[in-house]
*Asks:* 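Take a look at the following structure, please.
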Amino acid sequence: MMSTLDSELVCSVLDRIFAAGKDDAQVIRQLARERPDVGPHKERRTLHDLPAQELAEVLSGVPIPVPRAAGELLYVLARACGARRVVEYGTSHGVSTIYLAAAVRDNGGGQVIGTELQPNKVPIAEANLVEARLDDLVEIRTGDARDTLRELPGPVDLLLVDGFASLYLEVLRLVEPFLAPGALVVADGMPEGPKILREYLDHVRNPANGYLSVSLPIGDGIELSLRTRNFSCTSRDRT
């Protein structure tokens with residue numbers, strides 16, 4: 001049986017977005033390697049070094065889609081763990097959301113909750129989801145993830161963190177009480193080096209924190225973490 005990801009509608013939407021975003025992806029990769037400005041102590045600043053608000057201004061008009069290989073990995077992971085509720089930090093134009101929603105559809109239905117700081121990006125993501133006929137599975141919350149993800153309707157089977165790297169650990173800790181045992185946490189855009197990612201990596205790579213974690217050489221780097229136990233969740237009933 002053909003998967004939702006292979007359907008003509010979904011393929012058409014993804015092909016269009018990837019074709020249109022090729023130049024944007026090159027711009028982002030260049031910006032991520034080295035910013036032209038110099039910090040107060042004469043050090044070069046990369047995108048990972050910028051405060052979230054400044055980074056939001058730099059990237060406000062850029063779609064920032066996940067690479068196709070990363071999107072396909074998201075679909076496979078969500079299918080493999082039978083994800084019925086997915087949370088996504090950093091929706092942008094909804095490319096990763098399409099992959100995740102397609103997996104949830106093929107798992108029998110459920111919900112993808114996304115959050116996006118830039119209000120101008122949300123209508124574009126929603127239109128892409130409507131075109132792919134996956135909008136019935138998705139709720140996109142507009143605003144700071146530290147506010148929009150405070151309340152979730154039940155256990156989370158997969159969490160994607162793909163927003164501002166400076167907030168990765170804070171967002172993870174916010175969602176942690178909702179993570180079901182066996183949930184997957186996927187952190188995209190994890191190149192070796194930036195100090196701002198070290199606290200996140202130290203957290204998920206420490207078994208005492210309830211994770212088993214591995215680095216994957218896909219795109220700019222992915223950290224895949226399995227939630228082995230949950231210290232504060234979740235006697236909540238799945239809805």
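Since the structure is predicted, the reported quantities are computational estimates derived from the model, not experimental observations.
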*Asks:* Between Thr4 and Leu134, is a side-chain contact (heavy atoms from CB on, under 4.5 Å) present by the stated rule, with each step listed?
*Replies:* CA-CA 9 Å; Thr4 299; Leu134 293 168; 4.0 Å; yes

*Asks:* Do Glu126 and Ile140 have side chains that approach each other closer than 4.5 Å (heavy atoms only, starting at C-beta)?
*Replies:*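 Yes. Closest side-chain heavy atoms under 4.5 Å.
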
*Asks:* Arg85 side chain to Asp157 main-chain N or O, any donor-acceptor pair under 3.5 Å?
*Replies:*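 Between the backbone of Asp157 and the side chain of Arg85 there is no qualifying donor-acceptor contact (under 3.5 Å).
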
*Asks:* Working to the nearest 0.5 angstrom, can you tell me the gap between Cys81 SG and Asn107 CG?
*Replies:*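 Reported value, rounded in 0.5 Å steps: 7.0 Å.
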
*Asks:* Starting at OG of Ser166, measure out to CG of Leu197 and round the result to the nearest 0.5 Å.
*Replies:*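 Going from the OG atom of Ser166 to the CG atom of Leu197 covers 9.5 Å.
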
*Asks:* Checking side-chain contact (heavy atoms from CB on, under 4.5 Å) for the pair Asn128/Leu14: CA distance, chi angles, key distance, verdict?
*Replies:* CA-CA 9 Å; Asn128 288 332; Leu14 290 175; over 6 Å; no

*Asks:* Please examine the side chains of Ile113 and Arg141, heavy atoms only from C-beta on, and report whether any two atoms are closer than 4.5 Å.
*Replies:*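 SC-SC contact between Arg141 and Ile113 confirmed.
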
*Asks:* Does Leu226 share a hydrophobic cluster with Tyr75, counting links as ILVMFWY side-chain heavy atoms below 4.5 Å and allowing steps through other members?
*Replies:*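 Yes, Leu226 connects to Tyr75 through the hydrophobic network.
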
*Asks:* Return the minimal non-hydrogen interatomic distance between Pro155 and Ala180, and the atom names on each side.
*Replies:*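 Answer, listing the atom of Pro155 first, then Ala180: CB-CB, 4.2 Å.
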
*Asks:* With a 4.5 Å cut-off on side-chain heavy-atom distances among I, L, V, M, F, W and Y, is there a chain of contacts connecting Leu224 to Ile218?
*Replies:*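 In one cluster: yes.
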
*Asks:* Examine Val214 and Leu73 and state if one hydrophobic cluster contains both, with Ile, Leu, Val, Met, Phe, Trp and Tyr joined whenever side-chain heavy atoms are less than 4.5 Å apart.
*Replies:*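 Shared cluster, yes.
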
*Asks:* Would you say that Arg173 contacts Glu170 through its side chain, given a criterion of any heavy-atom pair below 4.5 Å between the two side chains?
*Replies:*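 The answer is no, as the side chains (C-beta and beyond) never meet within the 4.5 Å cut-off.
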
*Asks:* Under a 4.5 Å cut-off applied to non-hydrogen side-chain atoms, are Leu100 and Glu88 in contact?
*Replies:*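 Yes, side chains in contact.
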
*Asks:* I need the Ser213 OG to Asn206 CG distance, nearest 0.5 Å.
*Replies:*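 Taking OG in Ser213 and CG in Asn206, the distance rounds to 11.0 Å.
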
*Asks:* Side chain of Asp188, backbone of Leu160: donor and acceptor closer than 3.5 Å?
*Replies:*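 The answer is no, because no donor-acceptor pair under 3.5 Å joins these two groups.
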
*Asks:* Can you tell me how far apart CD (Glu139) and OG1 (Thr148) are? Round to the nearest 0.5 Å.
*Replies:*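 Spacing of CD (Glu139) from OG1 (Thr148) equals 9.5 Å.
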
*Asks:* Between Glu116 (side chain) and Gln118 (backbone), is there a donor-acceptor pair under 3.5 Å?
*Replies:*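 Present.
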
*Asks:* If the condition is ring pair (Phe, Tyr, Trp, His ring centres under 6.0 Å), which residues does Tyr211 pass it with, not counting sequence neighbours?
*Replies:*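 So Tyr211 forms a ring pair (Phe, Tyr, Trp, His ring centres under 6.0 Å) with His203.
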
*Asks:* Side-chain donor-acceptor pair under 3.5 Å between Asp6 and Ser3, yes or no?
*Replies:*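 On atom types as modelled, these side chains qualify, holding a pair under 3.5 Å.
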
*Asks:* Can you see which heavy atom on Ser96 is nearest to which on Val66, and at what distance?
*Replies:*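 Taking every non-hydrogen atom into account, CB-CG1, 3.9 Å.
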
*Asks:* The criterion is ring pair (Phe, Tyr, Trp, His ring centres under 6.0 Å); which residues satisfy it with Tyr89, sequence neighbours excluded?
*Replies:*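 Tyr89: no ring pair (Phe, Tyr, Trp, His ring centres under 6.0 Å) contacts found.
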
*Asks:* May I ask you to decide if Arg146's main-chain N or O and Arg150's side chain share a donor-acceptor pair within less than 3.5 Å?
*Replies:*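 Looks like yes, one N/O pair under 3.5 Å.
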
*Asks:* Main chain of Gly109, side chain of Arg84: is a donor-acceptor contact present, judged purely on distance under 3.5 Å?
*Replies:*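 Such a contact is found between Arg84 side chain and Gly109 backbone.
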
*Asks:* Are the side chains of Arg105 and Asp136 in touch, meaning some heavy atoms are under 4.5 Å apart?
*Replies:*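 Yes. Closest side-chain heavy atoms under 4.5 Å.
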
*Asks:* Would you call Val13 and Ile17 a side-chain contact if the rule is heavy atoms closer than 4.5 Å?
*Replies:*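 They are in side-chain contact.
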
*Asks:* Over all heavy atoms of both residues, which pair between Ile222 and Ala70 is shortest? Give the atoms and the distance, please.
*Replies:*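 Scanning both residues, the minimum pair turns out to be CD1-CB, 4.0 Å.
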
*Asks:* Count I, L, V, M, F, W, Y as connected when their side-chain heavy atoms are under 4.5 Å apart, and connections chain through other members. Are Val175 and Leu201 then in the same cluster?
*Replies:*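 Val175 clusters together with Leu201.
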
*Asks:* Using every non-hydrogen atom in the two residues, find where Tyr168 and Phe164 come nearest and quote the distance to one decimal.
*Replies:*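 The pair with the smallest heavy-atom distance is CD1-O, 3.3 Å.
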
*Asks:* Ignoring hydrogens, what is the shortest heavy-atom contact between Cys11 and Leu5? Give both atom names and the distance.
*Replies:*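 Closest approach of Cys11 to Leu5: SG-O, 3.4 Å.
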
*Asks:* Of all heavy-atom pairs between Tyr200 and Val185, which one has the smallest distance, and what is that distance?
*Replies:*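 Smallest heavy-atom distance, with atoms named: OH-CG1, 3.4 Å.
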
*Asks:* Go through the steps for Thr91 and Val122 under the test side-chain contact (heavy atoms from CB on, under 4.5 Å), then give the verdict.
*Replies:* CA-CA 8 Å; Thr91 296; Val122 174; over 6 Å; no

*Asks:* Do Phe18 and Leu9 belong to the same hydrophobic cluster, where Ile, Leu, Val, Met, Phe, Trp and Tyr are linked whenever their side-chain heavy atoms lie under 4.5 Å apart, directly or via other members?
*Replies:*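 Each belongs to a different hydrophobic cluster.
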
*Asks:* Within this structure, what is the CG-CG distance for the pair Leu179 and Leu172, rounded to the nearest 0.5 Å?
*Replies:*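 Leu179 atom CG to Leu172 atom CG measures 6.5 Å (nearest 0.5 Å).
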
*Asks:* Are any non-hydrogen side-chain atoms of Val86 and Leu159 less than 4.5 angstrom apart?
*Replies:*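 In short, these two side chains do not touch, never coming nearer than 4.5 Å.
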
*Asks:* Is there side-chain contact between Glu223 and Val204, with heavy atoms separated by less than 4.5 Å?
*Replies:*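 With C-beta onward as the side chain, the pair touches.
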
*Asks:* Give the C-alpha distance, both sets of side-chain angles, the deciding distance and a yes or no for side-chain contact (heavy atoms from CB on, under 4.5 Å) between Tyr99 and Val104.
*Replies:* CA-CA 9 Å; Tyr99 283 102; Val104 169; over 6 Å; no

*Asks:* Using a cut-off of 6.0 Å, state whether more than 12 heavy atoms not belonging to Glu72 lie near its atom CD.
*Replies:*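 Yes.
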
*Asks:* With rounding to the nearest 0.5 angstrom, report the CZ to CG distance, Arg79 to Asp106.
*Replies:*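 Spacing of CZ (Arg79) from CG (Asp106) equals 4.5 Å.
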
